[in-house]
Amino acid sequence: MRNKVTKAIFPVAGLGTRFLPATKSVPKEIMTLVDRPLIQYAIDEARAAGIKEFIFVTSRGKSALEDYFDHAPELETALRKAGKTELLQILKNTNMESGAIAYIRQHKALGLGHAVWCARRLIGDEPFAVILPDDVIAAEQPCLQQMTEAYEETGGAMVAAMDVPRERIGSYGVLDLEDDKGDLVKVRGMVEKPTPDQAPSNLAVIGRYILTPDVLKNLNRMKQGSGNEIQLTDAIADEIAQGRDVYGYRFRGQRFDCGSKAGFLQATVAFGLARDDLREDLLRYLHELVSVEKAAQ
Ligand code: G1P
């Protein structure tokens with residue numbers, strides 16, 4: 001039996017400059033899709049995949065995140081007194097068990113690989129997941145759960161993968177494919193943010209990973225890569241060079257890039273439409289908007 005994946009790292013130290021001025025005082029991960037902060041989607045996905053320990057790699061100015069996961073006794077009492085049981089349940093679903101959550105500071109913005117490395121002592125000697133909350137994935141079966149199931153068969157290291165148009169491939173880690181079996185891809189190399197003509201394929205890394213402690217060892221070398229940052233992609237590629245297996249997993253679901261304004265807006269519309277209480281009104285509004293646009297053309 002393989003070791004179960006029970007720990008996940010959430011790198012949340014980024015400044016979120018693309019969302020200024022909002023992120024001047026609100027961490028990007030607290031920004032809401034409909035009525036839930038981005039980070040809640042990541043936590044729910046992790047829980048569904050069997051994660052029990054949640055490790056946040058944070059930075060200065062992220063205390064709102066810690067408050068968010070704290071219990072709110074006054075609020076709970078007020079809701080209970082008012083008989084608002086549904087809201088009370090919503091609130092309780094955000095509570096984390098004592099000791100299940102840990103915060104580690106990344107003192108310098110040295111890259112995603114460095115952020116993950118900061119959590120090394122909490123990981124110890126077992127496989128772990130990494131979830132980038134900016135990548136929100138709407139799926140019937142949560143993406144990380146799809147991956148942990150596949151990982152039971154493969155072992156090794158695994159990254160979520162998605163085919164993207166060539167002109168956008170330079171924004172991602174890109175896989176060099178050895179064997180493409182559809183869902184599962186055996187990888188023979190990985191490059192972080194290549195120029196489109198140098199990209200080995202159109203298959204991009206999306207922010208879900210299942211990694212081994214060996215990857216953390218590779219990060220010990222603090223090798224600078226793309227953008228002079230310590231890249232997680234490079235530490236995973238080193239695994240292949242050292243003769244260990246790395247897989248890409250084409251997940252089933254729709255990914256939204258909530259690190260960009262356009263992606264965030266699209267996700268807001270999609271998640272709004274998925275809600276029974278909002279769908280009808282939102283759809284009517286969108287139809288009206290489109291017909292006015294068309295008439296103006
Ligand atoms: C990070 C990773 C990159 C991956 C991407 C997915 O890049 O470094 O390999 O493809 O997330 O969202 P970032 O978007 O933080 O620049």
Side-chain angles (χ1 to χ4, degrees), residues 8-19 23 27-29 31 38-39 41-42 45 56-59 106 108-119 129-139 143-144 147 157-177 185 187 189-196 198-211 215 218-219 222-240 246-251 253-264 266-267:
I9 300 176
F10 301 82
V12 290
L15 292 176
T17 46
R18 277 194 267 185
F19 286 93
T23 44
K28 180 175 62 173
E29 298 77 18
M31 290 180 24
L38 274 191
I39 194 68
Y41 292 88
E45 187 179 328
F56 288 81
V57 182
T58 69
S59 61
Q106 184 188 25
K108 274 189 186 169
L110 296 178
L112 177 60
H114 179 260
V116 168
W117 177 82
C118 287
V130 177
I131 296 189
L132 308 188
D134 273 2
D135 281 332
V136 174
I137 300 172
C143 178
L144 190 64
M147 289 172 69
M158 185 179 284
V159 300
M162 183 178 103
D163 294 282
V164 305
R166 200 70 178 180
E167 64 273 16
R168 274 189 247 139
I169 199 76
S171 306
Y172 298 92
V174 182
L175 302 181
D176 189 358
L177 317 182
V185 175
V187 175
M190 286 170 73
V191 203
E192 180 68 13
K193 303 198 171 73
T195 55
Q198 281 176 345
S201 75
N202 281 3
L203 197 56
V205 177
I206 298 302
R208 304 288 184 277
Y209 306 77
I210 297 177
L211 302 176
V215 175
N218 297 341
L219 286 168
M222 296 290 154
K223 198 168 70 185
Q224 283 194 345
S226 165
N228 292 328
E229 293 189 338
I230 297 159
Q231 296 292 351
L232 187 57
T233 299
D234 295 340
I236 303 170
D238 286 349
E239 285 292 285
I240 309 165
V246 174
Y247 299 91
Y249 183 79
R250 280 195 186 90
F251 55 92
Q254 193 181 1
R255 174 257 187 178
F256 296 93
D257 174 12
C258 289
S260 80
K261 279 176 249 202
F264 204 105
Q266 286 159 17

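Predicted model, so just to flag it, every value in this text is computed and none were measured. Numbering of ligands and ligand atoms starts at 1, following listing order.
Side-chain atoms of His114 and Gln106 form a donor-acceptor pair, as typed in the model, at a separation below 3.5 Å. In the model, Glu192 has a side-chain atom that pairs as donor or acceptor with a side-chain atom of Thr233 under 3.5 Å.
Ring centers of Phe256 and Phe264: at least 6.0 Å apart, outside the cut-off.
Residues satisfying the ring pair (Phe, Tyr, Trp, His ring centres under 6.0 Å) test with Phe56, not counting sequence neighbours, are Phe10, Phe69, Tyr103.
Side-chain contact between Tyr209 and Ile236 is present, with heavy atoms from C-beta onward closer than 4.5 Å.
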Every pair of nitrogen or oxygen atoms between ligand 1 and the protein that is under 3.5 angstrom apart - can you list them with their distances to 0.1 Å?
residue, atom, partner, partner atom, Å
ligand 1, 7 (O), Lys193, NZ, 3.3
ligand 1, 8 (O), Glu192, OE1, 3.4
ligand 1, 8 (O), Glu192, OE2, 2.7
ligand 1, 9 (O), Gly173, N, 3.0
ligand 1, 9 (O), Glu192, OE1, 2.7
ligand 1, 9 (O), Glu192, OE2, 3.4
ligand 1, 9 (O), Thr233, OG1, 3.3
ligand 1, 10 (O), Gly173, N, 2.9
ligand 1, 10 (O), Val205, O, 2.6
ligand 1, 12 (O), Asp135, OD1, 3.4
ligand 1, 12 (O), Asp135, OD2, 2.8
ligand 1, 16 (O), Lys193, NZ, 2.6

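A donor-acceptor pair under 3.5 Å is absent between the side-chain atoms of Arg208 and the main chain of Phe251, judged by distance alone.
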